[in-house]
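So you know, we letter chains A, B, ... as the sequences are listed, proteins then strands, and number each from 1. Side-chain atoms are counted along with the backbone in the values below, which use heavy atoms only and exclude waters and symmetry mates.
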There are 2 protein chains.
Amino acid sequence: MTDSQGALAGKRERLVDGASKLLHHNGVAATTLADIAQAADVPLGNVYYYFKSKDELIRAVVAEHIEQVDTMLNTLDAIPAPADRLKALVRRWDHMREVIARYGCPFGTLACELDRRSDGLDLEAAGPIRLILDWSAAQIQHLSSADPHELAITLFAAVQGGALLANALRDPDIMSGIADLPTAQSAWF
Amino acid sequence: MTDSQGALAGKRERLVDGASKLLHHNGVAATTLADIAQAADVPLGNVYYYFKSKDELIRAVVAEHIEQVDTMLNTLDAIPAPADRLKALVRRWDHMREVIARYGCPFGTLACELDRRSDGLDLEAAGPIRLILDWSAAQIQHLSSADPHELAITLFAAVQGGALLANALRDPDIMSGIADLPTAQSAWF
DNA sequence: GTCTATAAGGCGATAGAC
DNA sequence: GTCTATCGCCTTATAGAC
């Protein structure tokens, strides 16, 4: 119950964690329930005791992402200066550069793939992105007289665009280049 | 033979054009050969006379994208000043902002979805992006003493990140905001 | 070259024993 | 609550008439 990664965690938790990883690495469409069940060491038929459909399992993954972002932003709030909080945010993506170069940003790629749907899931998948943008805008409000919403978008667009290019070109250094930008360093705040 | 969009174009051309649109709007996985055949007004079984598999049809779509980018860049080359060429490049994406807000950048989303594969198609899908980056770097070389490759990535990352956020938030104005940036305006070249 | 009919396989989802 | 067996559908791909 307490272990968030290992085999001792609850079955529901193992299913969500396994699905999260597989969706990121292989994409939504290529990931089957059989794959997820195997990764979580749960028999296929038992998945439906915890989730009534594949879509609902994906929804749980999105909710888990939102939870992770929320935790991350709360951690960043402990940093005294707002400008340093923003720099630390960008540094998080730089630290994930190897994974990003292979599989892209987990939030960005999932939003991109689910955005093509017209059930509610397309908008839900934007949740983590909305959270980060709103938080960033709040930090910027302390720093600049310019439009915080617009500056937040500029900042995170650089991160997401950098992640996309790093992934397409399989080049982790692109993420570092983005993190070193004056933009990301909040020199213009 | 000469019509590139209408029903008079050759079947192969209609198939590629229809597939290109459907892959952009619905994604690779959700698009079936039956959908493509119907959009192109070609019987399902006949598709296999022109393409030996779905993957090869997707490959043809990527090749078509590369062709389109090549044509676009040649057109931009007619603009006298390199700085104006770069601005015009970014403006192209701004002009597509409504489509981008609904379906994302055609090149970016396709690269993102195909990047999760390990056959050759993942790297081929990065072709349009590579072309644009190389061309941008060449323009920047006329303008700045800084690293042209890095500046080109900064510029196009802003465009691609903006497209991703515009799509996730369903907000076309984000694309305009990116186009108005000093970065995109090449103020720092 | 064109098209219909269908084969072959994989998937999400369910039934029902335990 | 757990798990096995399997159903029914959809998709890619092919066989073969025209």
Are D94(B) and K87(B) ion-paired here, with the side-chain N under 4.0 Å from a carboxylate O? no
D115(B) and R102(A) ion-paired at < 4.0 Å: no
Integer-rounded Å distance: [N] [atom2] and [X] [atom1]:
X	N	atom1	atom2	answer
L57(B)	dT11(D)	CG	C1'	15 Å
F51(B)	dA13(D)	CZ	P	13 Å
N46(A)	dC3(D)	CG	P	5 Å

Taking only residues at least two apart or on different chains, which pairs with a member in residues 70-85 of chain B satisfy side chain to side chain donor-acceptor pair (under 3.5 Å)? D77(B)-W135(B), R85(B)-Q139(B)
Hey, does the side chain of Y50(B) come within less than 4.0 Å of dT2(C)'s phosphate (OP1/OP2), counting only N and O? yes
OP1 or OP2 of dT2(D) less than 4.0 angstrom from a side-chain nitrogen or oxygen of Y49(A), does that happen here? no
Which atom of S136(B) lies closest to which atom of L89(B), heavy atoms considered: OG-CD2, 3.7 Å
Which atom of A37(A) lies closest to which atom of L15(A), heavy atoms considered: CA-CD2, 4.3 Å
Check residues 149-159 of chain B and write down every donor-acceptor pair under 3.5 Å in which the side-chain atom is one partner and the other belongs to a residue at least two apart or another chain.
{"from": "T154(B)", "atom 1": "OG1", "to": "E150(B)", "atom 2": "O", "distance (Å)": "3.0"}

Between the protein and nucleotides 11-18 of chain C, which nitrogen or oxygen pairs come in under 3.5 angstrom?
{"from": "dG12(C)", "atom 1": "OP1", "to": "K54(A)", "atom 2": "NZ", "distance (Å)": "3.1"}
{"from": "dG12(C)", "atom 1": "OP2", "to": "L33(A)", "atom 2": "N", "distance (Å)": "3.1"}
{"from": "dA13(C)", "atom 1": "OP2", "to": "Y48(A)", "atom 2": "OH", "distance (Å)": "3.4"}
{"from": "dA13(C)", "atom 1": "OP2", "to": "K54(A)", "atom 2": "N", "distance (Å)": "2.8"}

